[in-house]
Amino acid sequence: MKPIKQYMQFVKPYKWYIFWTIVIGILKFAIPLFIPLILGYVIDNIIHADLTQAEKLKQLILLMTVAFAIFLIIRPPIEYLRQYLAQLVGSKILYDLRDRLFDHLQKLSLRFYANRKAGEIISRVIHDVEQTKEFVITGLMNVWLDMATILIAISIMLSFDFKLTLVAISLFPLYGFAVKYFYTRLRKLTRERSQKLAELQGHLHERVQGMAVTRSFALEDYEQAQFEKYNRRFFKKAMEHTKWNAYTFAATNTITDLAPLLVIAYAAYEVINGQITVGTMVAFVGYMERVYSPLRRLINSSTILTQAIASIDRVFELKNEPYEIEDKEDAIDLEDVKGEIVFDNVSFHYDEGKMVLKNINLHVKPGETIALVGMSGGGKSTLVSLLPRFYDVISGSITIDGIDIRDMKQRSLRDKIGMVLQDNILFSESIAVNIRMGNPYATDEEVIAAAKAANAHDFIMDLPNGYDTLVGERGVKLSGGQRQRIAIARVFLKDPPILIFDEATSSLDLESEHMIQEALEKLAKDRTTFIVAHRLATITHADRIVVIEHGEITEIGTHEELMQKRGSYYHLYQVQNLQETSGAL
């Protein structure tokens with residue numbers, strides 16, 4: 001489906017609002033069309049009429065009283081209603097579109113986000129969606145109003161003089177040529193300009209988030225040059241668009257200026273020959289403004305519509321992004337989880353080419369704690385990301401209690417899994433709100449209980465506003481250990497039967513690590529748990545340790561069994577012990 005047709009699906013529920021906005025708008029624009037008529041009548045039927053001065057003044061006062069009544073009493077509420085309805089419809093459509101876009105964004109795979117900058121996505125949802133509002137207000141309302149105004153004015157002009165009307169509209173075909181010639185190119189330039197703006201916003205968004213890195217490496221001058229590069233690219237495209245837009249207005253306004261000159265010349269000729277009155281000529285010239293003003297607006301509307309359509313293209317390019325992971329039509333809800341998980345001959349790659357995981361076979365019993373270890377890049381984090389279906393396996397299957405996870409509803413599956421990562425995302429709201437991410441409907445007592453279980457309550461109470469303390473973007477106002485304990489608290493609040501700890505303590509100091517390790521062990525009790533660990537000393541208690549190297553399982557066993565085997569795990573453990581011993585010395 002083409003973007004315009006898709007956009008019209010959002011417009012359809014408001015079609016009657018648009019209809020009445022156009023009707024009211026026609027009334028609004030029709031009222032000023034009486035001014036040239038009034039002017040012509042005053043000249044021919046009052047000023048030049050064979051009447052006494054008193055009779056002329058009487059007719060003039062009567063005419064002006066009616067005119068003022070129309071313009072002061074009728075026109076203001078009509079203008080108010082037109083403006084209000086137009087903005088109401090436009091804003092409602094934008095509300096619906098952004099709402100649907102956000103819902104769509106939440107269903108896209110993590111692969112989509114890995115390949116795109118957050119700033120570019122935000123640019124489409126905010127800037128481009130806002131631009132589409134002009135398609136409704138200008139394209140579906142104002143264009144029709146201006147066309148109706150032109151038709152009404154031409155109809156009145158035809159009642160005055162047929163030949164003079166033909167002269168007045170003789171340059172209309174040139175407008176059609178100008179629109180056809182200029183606006184195809186203008187639409188392309190508008191898309192390119194919007195893309196460069198999105199790239200600029202994406203770069204800015206990244207650099208604002210990474211300002212600490214810029215400062216710590218003293219990269220201000222370098223980053224200024226990088227920003228200037230993106231800014232200049234946008235400026236260049238903006239100027240190309242501006243130049244082409246200027247060509248358009250130069251051509252169309254020249255046509256607009258020539259038309260009244262033709263009318264004045266021919267009308268004067270007709271007056272000299274006695275074919276029309278002076279009042280008719282004056283009224284006719286007045287109607288030229290009533291015809292060519294909306295025509296100028298139509299040309300301007302073409303520019304605005306071109307920009308709006310380019311934004312619609314970009315918005316629906318995002319809206320039409322396919323879902324990589326979708327629920328089957330007969331997908332089931334996951335309930336009463338025991339926690340038996342089987343990886344059966346699982347293989348996976350992110351992009352065509354090198355396999356990240358190769359023929360993984362692993363049977364995890366309910367309540368068992370499995371530690372995944374190995375060198376960085378071996379596939380440990382990838383393996384646990386397949387369990388909540390952040391990605392789907394390329395071949396093989398993963399089952400929970402004997403049911404393939406691809407036969408389950410995604411939300412139902414993820415509701416049964418709790419995750420604590422190395423870099424947990426906290427939102428720039430209060431600590432209580434961040435803990436409630438585990439259960440938005442939890443009571444204050446439940447939130448406090450979860451914080452206590454995560455060894456977080458004491459430090460929270462030491463903060464200025466306790467649980468109402470704002471943590472800043474990504475939790476920047478908290479230490480790494482504090483952020484981890486908040487993340488653990490929300491998993492306690494969620495109370496899932498399956499847990500995933502991915503490098504949850506790797507970047508913490510020993511004191512924070514001890515407190516978090518204690519909380520994690522308490523959380524993992526009687527739950528099926530996966531621990532991805534770099535520091536092997538933290539996973540010696542695991543029921544089984546799985547060594548993954550180059551995407552394959554090379555060893556499985558308890559800590560004691562693997563140490564006796566003297567294989568890869570043994571050598572990793574020995575290397576880490578030596579490093580920690582030398583570090584302590």
Just by distance, do the side chain of [X] and the backbone of [Y] share a donor-acceptor pair under 3.5 Å?
X	Y	value
Lys133	Val89	no
Ser91	Leu88	no
Ser347	Asn359	yes
Asn361	Asn345	yes
Arg414	Arg389	yes
Thr528	Ile498	no
Gln410	Ile325	yes
Lys416	Leu334	yes

**Asked** Does His203 reach the side chain of Phe227, with side-chain heavy atoms less than 4.5 Å apart?
**Response** yes
**Item:** Audit row: His457, Tyr467, side chain to side chain donor-acceptor pair (under 3.5 Å) steps and yes/no
**Value:** CA-CA 9 Å; His457 178 72; Tyr467 283 84; 2.7 Å; yes
**Prompt:** Counting heavy atoms not belonging to Tyr17, are there more than 12 under 6.0 Å from its OH?
**Reply:** no
Are any of the side-chain nitrogens in [X] or [Y] under 4.0 Å away from the carboxylate oxygens of its partner?
X	Y	result
Glu192	Arg233	no
Asp103	Lys107	yes
Glu317	Arg314	no
Lys243	Glu240	no
Asp495	Arg527	yes

Just distance, no hydrogens or angles: give the donor-acceptor pairs under 3.5 Å from side chains in residues 425-450, sequence neighbours left out.
residue : atom : partner : partner atom : Å
Ser430  : OG   : Val433  : N            : 3.1
Asn434  : OD1  : Phe427  : N            : 2.7
Asn434  : ND2  : Phe427  : O            : 2.9
Asn434  : ND2  : Ser430  : O            : 3.0
Arg436  : NE   : Ala442  : O            : 2.9
Arg436  : NH2  : Ala442  : O            : 3.3
Arg436  : NH2  : Asp444  : OD1          : 2.5
Asn439  : OD1  : Tyr441  : N            : 3.2
Thr443  : OG1  : Glu446  : N            : 3.2
Thr443  : OG1  : Glu446  : OE1          : 3.4
Glu446  : OE1  : Thr443  : N            : 2.8

**Asked** Aromatic rings Tyr323 and His104: how do their planes relate, parallel, tilted or perpendicular, breaks at 30° and 60°?
**Response**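 Tilted, since the angle between the ring planes falls between 30° and 60°.
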**Prompt:** Where does the angle between the aromatic ring planes of Trp16 and Phe19 fall among parallel (under 30°), tilted (30 to 60°) and perpendicular (over 60°)?
**Reply:** perpendicular
**Minimum heavy-atom distance between Ser381 and Val532, given as atom pair plus value** = OG-CG1, 4.2 Å
**Item:** Check: Glu228/Gln224 side-chain N/O donor and acceptor closer than 3.5 Å
**Value:** no
**Spacing of CD1 belonging to Ile122 relative to CG belonging to Asp128, to within rounding of 0.5 Å** =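 Result: 13.0 Å between the selected atoms.
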**Prompt:** How long is the gap from OG1 on Thr399 to CG on Asp401, to the nearest 0.5 Å?
**Reply:** 8.5 Å
